[in-house]
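As the structure is a prediction and not an experimental result, all values here were calculated from the model. For ligands, and for the atoms within them, numbers begin at 1 and follow the listed sequence.
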Amino acid sequence: MPKNIQIAVVGSGYVGLVAAVCFAEMGHDVICVDNDERKVKALQGGDTLIHENYLPELLQRYRNTKVRFMSDLAEATRECEAIFIAVGTPQSETGDADLSYVEAVACEIARSITSYKVIVEKSTVPVYTNEWIRRAIERNGVARDLFDVVSNPEFLREGTAVADFLHPDRIVVGADSERAAAVLGGIYAPLTEGTYYQRADAIPGSCGPTAKPPLLNTSTKSAEIIKHASNAFLAVKISFINAVANLCEATDANVEQVAIGMGMDARIGPKFLRPGIGYGGSCFPKDVAAFRSVAEQLGLDFSMLSEVEKINENQKKRFLSKVRTALWTLRGKKLGVLGLAFKGETDDIRESPAIDLVEMFLAEGCSIKAFDPAAMERTAERLPAGPKLSYVESAYAAADDADALLILTDWAEFATLDLKRLNTTLRYPIVIDGRNLYDPHVMLENGLTYISVGRPSAIPPREH
Ligand SMILES: NC(=O)C1=CN([C@@H]2O[C@H](COP(=O)(O)OP(=O)(O)OC[C@H]3O[C@@H](n4cnc5c(N)ncnc54)[C@H](O)[C@@H]3O)[C@@H](O)[C@H]2O)C=CC1
Ligand SMILES: O=C(O)[C@H]1O[C@H](OP(=O)(O)OP(=O)(O)OC[C@H]2O[C@@H](n3ccc(=O)[nH]c3=O)[C@H](O)[C@@H]2O)[C@H](O)[C@@H](O)[C@@H]1O
């Protein structure tokens, strides 16, 4: 029978907050720490601060009871058995991971250890970080038998974070002691023993009622590399299909058909073969760079990842050229833009290809009306509205009197627009889709010129 474990989570961002409420959902008692008082107060008040399915329900169910929020790390960690570090590891100027937040938290934890603790790396960190954290804690005077440092990387995706956390394909635990591995085993037991999925009120996801997701026990170094290698490989898949899309454009082939044909091979699989304007987000760009940097620091050549980055950057330039070709010139053109978040169903704009393109079009002298269901507020903080840029309340408002409509983020609601209404709303019936949300034939039937990625353009016959 899984037991209730006292857990502290340091960092209440996309990973820390989701982990905190999901650990509570699994039956544990959690204290979630953040050094941003504003966040702590908002979370205590029930504001999730981020846009994630099921997060409001779980926060409402557990806040100030099974999940408490505070900024005092010493207070938070006093009674707990496990302390999860889930703070940011942003990319530094030299491309490697900035671990200063992780190190600061490790040193702060060290100052409050009085009984055995398991310190858990939930943040994405390069190999060897586990050793550095252990040394930092020892350097702060903590006896070696009073703590262990474990790597437990997180694989959730934004937009489906809660479901991904509770329905993982696998749980990875890198521990160099049996004792520490047993603590993590106890924490995840409600999932690995399957009892969570038998609950009538379980959050729905990929695991059915009889599921028991595997927990891989491995070394700390292997666990750290599993995370970086997994993200890097997913980025490889995306850049590969984008390079294939560009080849399809040069040969009038259809990359969607190619992806289907490739994905039917069980060794390749259909997922992460969606071409577009490239990957973004707070992790792929930084983790690809960090993984390459680790290799280079070890004197190894991982230039393949440089190619992945190059292809990814090039997708945005290719898209801009497509728009220029379709409109003949860009200067003075009015563009409707759908999507600002780095992907659909999230409000996160970190490393968003959509925002990069908005800035590129503004630099070309275009004026833009942009709509995004969740990311406009965050975008406006970075790109304030002005004479050339406005934020509007619907896709049709963005299309109103525009020379073309650009689809930059794969929000589900952008795939079911009223195309006849679009045709009459646009100044010119041109849709340029960076996420391949539509069937070109359907666009043609609605009299729209439709240009997408890796597929022949659909251009209605001239009316005589
Ligand atoms: N966002 C995602 O989808 C995923 C992120 N990760 C990794 O998890 C880590 C965290 O990512 P996010 O949650 O997106 O970051 P985030 O930036 O959304 O959240 C980090 C939080 O840590 C807090 N923080 C920073 N220093 C602190 C300190 N000294 N004491 C207490 N709180 C502190 C910040 O105020 C912030 O609320 C990163 O390493 C990331 O690569 C891993 C899997 C998924
Ligand atoms: O370490 C992390 O932060 C996380 O990074 C990604 O998750 P996330 O960045 O939230 O979102 P994804 O769904 O992976 O999409 C990332 C980017 O790739 C793009 N993408 C994704 C899939 C695809 O087929 N094509 C494609 O262009 C998306 O538009 C988005 O810009 C990984 O999928 C997670 O497993 C990982 O935990």
Side-chain angles (χ1 to χ4, degrees), residues 8-20 32-40 42-43 49-50 52 69-73 76-77 83-91 97-109 121-126 129 152-161 164-165 168-169 227-228 230-235 237-242 245 259 263 269-288 290 312 315 339 341-346 348-354 356 408-411 434-436 453:
V9 177
V10 185
S12 65
Y14 284 87
V15 168
L17 176 57
V18 169
C32 191
V33 183
D34 206 298
N35 62 357
D36 181 337
E37 288 284 356
R38 183 185 59 84
K39 286 194 176 183
V40 172
L43 290 164
L49 295 174
I50 55 177
E52 279 294 343
F69 296 97
M70 61 176 73
S71 55
D72 181 341
L73 188 142
T77 56
I83 307 165
F84 285 77
I85 301 176
V87 296
T89 52
Q91 185 174 344
D98 172 358
L99 298 175
S100 60
Y101 301 97
V102 171
E103 185 169 8
V105 171
C107 295
E108 199 178 345
I109 290 170
E121 290 172 328
K122 196 61 155 157
S123 298
T124 298
V125 292
T129 303
N152 171 225
E154 183 48 48
F155 300 98
L156 66 81
R157 292 162 297 169
E158 292 185 16
T160 53
D164 286 351
F165 192 95
D169 289 344
K227 176 61 189 175
H228 262 171
S230 299
N231 271 7
F233 185 71
L234 291 169
K237 273 193 100 171
I238 295 168
S239 279
F240 186 83
I241 200 64
N242 280 330
K271 293 183 178 174
F272 273 67
L273 289 176
R274 294 195 319 273
I277 57 174
Y279 61 78
S282 61
C283 293
F284 279 176
K286 78 173 173 68
D287 290 349
V288 169
N312 196 55
Q315 284 305 97
F342 82 93
K343 70 171 193 175
E345 322 315 316
T346 180
D348 197 347
I349 61 168
R350 292 179 284 187
E351 301 296 317
S352 169
D356 291 344
L408 303 182
T409 304
D410 56 344
W411 278 96
R435 294 295 181 188
N436 287 10
V453 179

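Taking atom 13 (O) of ligand 2 as the reference point, the nearest protein heavy-atom neighbour is Lys343 NZ, 2.9 Å. At the shortest separation from atom 24 (O) of ligand 2 among protein heavy atoms lies Arg274 N, 3.0 Å. Protein heavy atom in closest approach to atom 33 (O) of ligand 2: Arg157 CG, 3.3 Å. Scanning the protein for heavy atoms near atom 6 (C) of ligand 2, the closest one is Phe284 CE2, 3.5 Å.
Nearest to atom 21 (C) of ligand 2 by heavy atom, out of Thr346, Asn436, Ile238, Asp348, is Ile238. Of the candidates Val102, Asn231, Asn35, it is Asn35 that places a heavy atom closest to atom 28 (C) of ligand 1.
Using 4.0 Å as the threshold, Gly280 has a heavy atom nearer than that to some atom of ligand 2. For Lys227, the closest heavy-atom approach to ligand 2 falls below 4.0 Å.
Considering only residues two or more places apart in sequence or on other chains, Arg274 meets the salt bridge (charged side-chain N to carboxylate O under 4.0 Å, His left out) condition with Asp410. Partners of Phe272 by side-chain contact (heavy atoms from CB on, under 4.5 Å), not counting sequence neighbours, listed by chain and number: Leu234, Lys237, Ile238, Phe284.
Geometrically, ligand 2 and Asp410 share no nitrogen or oxygen pair separated by less than 3.5 Å. For a threshold of 3.5 Å applied to N or O pairs, the pair formed by Asp36 and ligand 1 contains no separation below that value.
Under a 4.0 Å criterion applied to the non-hydrogen atoms of Cys283, ligand 2 contributes the atoms 1 (O), 2 (C), 3 (O), 5 (O).
Contacts with ligand 2 closer than 4.0 Å are made by side-chain heavy atoms of Arg435 only, the backbone lying farther away.
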